[in-house]
Amino acid sequence: MAQEVRAPVRTAAAPRAAAAVAKLSHAQAAARFRAAGVKWTSSGGCSNRNNKRCTSFDRLNLATAKGAVALKKASRCALTVTGGTETGHAGGTYSHWNGYKLDFSPTACLSNHITRTYKRIANRGDGARQYRAPSGNIYAREASHWDVTFRNCGC
C-alpha cells in the first residue's frame with residue numbers, strides 16, 4: 001500500500017523562500033531553440049561563456065528560452081540570436097550574464113512586429129529606443145541588434 005506524503009503546513013509566521021530561477025545548459029537551450037526554429041550565430045563559431053566572441057546559452061534562464069520561442073511564434077518571423085550569456089555585455093541584475101537577456105538580428109519582420117505590437121516607452125540611458133510588451137519584457141533597439149530583457153516568458 002502506498003504511503004501518503006503530505007507537504008508541511010505553512011503558517012503565516014513562516015516566510016516563503018524566494019523561488020529559484022531555473023537555469024539551462026547551453027545544450028538544453030540550444031535543443032529548445034532548434035526544435036522551435038530559432039537560430040543563432042556566433043562570430044567566433046563557439047559557445048564558451050567566458051569568450052566574448054562566442055554566443056553562449058550556458059546558465060540561460062528557462063523563462064528567457066521560453067520567451068524567445070514565444071516571440072518567434074507570436075511574430076511569425078525568422079529569429080536569429082546573436083548574443084546570449086557570454087561575457088562582454090553590460091552587467092546588472094537583469095543582464096545577459098545572469099540569463100535574462102538575448103540579442104536578436106534586427107530583421108524587418110522582427111522590427112515591425114516589435115514596433116507595431118508593443119508600447120513605446122522612454123529611451124534607455126544610452127539612447128536605445130525601447131518597447132514594453134504586456135508581459136513586462138523590454139525590447140531595446142541598439143545599433144546592430146534588438147537587446148531583449150525577458151522578465152518572464154511572456155507565453
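Quantities reported herein were computed from a predicted structural model and do not represent experimental measurements.
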Inset, instruction - Would you list the pairs meeting salt bridge (Lys or Arg N to Asp or Glu O under 4.0 Å) in which at least one residue belongs to residues 104-115, sequence neighbours left out? - result: none
Inset, instruction - Measure the spacing between CG of Leu60 and NZ of Lys101 and express it to the nearest 0.5 Å. - result: 13.5 Å
Legend entry - With Thr82, the side chain to side chain contact (heavy atoms under 4.5 Å, CB included) member among Ser42, Ser144, Ser43, Ser105: Ser105
Inset, instruction - With sequence neighbours excluded, tell me which residues meet side chain to side chain donor-acceptor pair (under 3.5 Å) with Trp146. - result: Ser111
Legend entry - With Ser25 via side chain to side chain donor-acceptor pair (under 3.5 Å) - residues at least two apart: Gln28
Legend entry - Shortest non-hydrogen contact from Ala70 toward Cys153: CB-O, 3.9 Å
Inset, instruction - Please answer whether the main-chain N or O of Glu86 pairs with a side-chain N or O of Ser56 as donor and acceptor at a distance below 3.5 Å. - result: no
Inset, instruction - Measure the OG1-CG distance between Thr80 and Leu102 for me, rounded to the nearest 0.5 Å. - result: 12.0 Å
Legend entry - Val148 side chain near Asp103 side chain, heavy-atom distance below 4.5 Å: no
Legend entry - Inter- and intrachain pairs under side-chain hydrogen bond (donor to acceptor under 3.5 Å, both in side chains), touching residues 118-130, at least two apart: His113-Tyr118, Arg120-Asn123, Arg124-Asp126, Arg124-Glu142, Arg124-Asp147
Legend entry - Candidate pair Tyr139 and Leu71, rule side-chain contact (heavy atoms from CB on, under 4.5 Å), full reasoning: CA-CA 11 Å; Tyr139 299 78; Leu71 176 60; 3.9 Å; yes
Inset, instruction - Could you tell me which residues satisfy side chain to side chain donor-acceptor pair (under 3.5 Å) with Ser135, sequence neighbours excluded, listed by chain and number? - result: Asn137
Inset, instruction - Decide yes or no for Tyr131 and Thr117: does some side-chain heavy atom of the first lie under 4.5 Å from some side-chain heavy atom of the second? - result: no
Legend entry - Hydrophobic cluster membership, Tyr100 vs Val81, 4.5 Å side-chain cutoff: no
Legend entry - Cation over ring face, Arg151 and Tyr94, 6.0 Å, 45°: yes
Legend entry - Leu62: hydrophobic cluster co-members (side-chain, 4.5 Å): Leu24
Inset, instruction - Please answer whether the main-chain N or O of Gly92 pairs with a side-chain N or O of Asn98 as donor and acceptor at a distance below 3.5 Å. - result: yes
Legend entry - Residue pairs, two or more places apart or on separate chains, that pass disulfide (SG to SG under 2.5 Å) and touch residues 61-112: Cys77-Cys109
Legend entry - Nearest-0.5 Å distance, CG of residue Asn51 to OG1 of residue Thr87: 9.0 Å
Inset, instruction - Output every pair passing ring pair (Phe, Tyr, Trp, His ring centres under 6.0 Å) with a member in residues 60-89, not counting sequence neighbours, ordered by first then second residue. - result: His89-His96
Legend entry - Which residues share a ring-ring contact (aromatic ring centres under 6.0 Å, His included) with Phe57, sequence neighbours left out: His26, Phe33, Trp40
Legend entry - Where Ala78 and Thr107 come nearest, the two heavy atoms and their spacing: O-OG1, 4.2 Å
Inset, instruction - Report the distance from atom OG1 of Thr115 to atom CG of Leu110, rounding to the nearest 0.5 Å. - result: 9.0 Å
Legend entry - Contact list for residues 61-76, test side-chain hydrogen bond (donor to acceptor under 3.5 Å, both in side chains), sequence neighbours left out: Lys23-Asn61
Inset, instruction - Could you identify which residues cluster with Ile121, counting Ile, Leu, Val, Met, Phe, Trp and Tyr as linked when any side-chain heavy atoms lie under 4.5 Å apart, either directly or through a chain of such contacts? - result: Ile138
Inset, instruction - Would you mind listing every salt bridge (Lys or Arg N to Asp or Glu O under 4.0 Å) that reaches into residues 35-60, with sequence neighbours excluded? - result: none
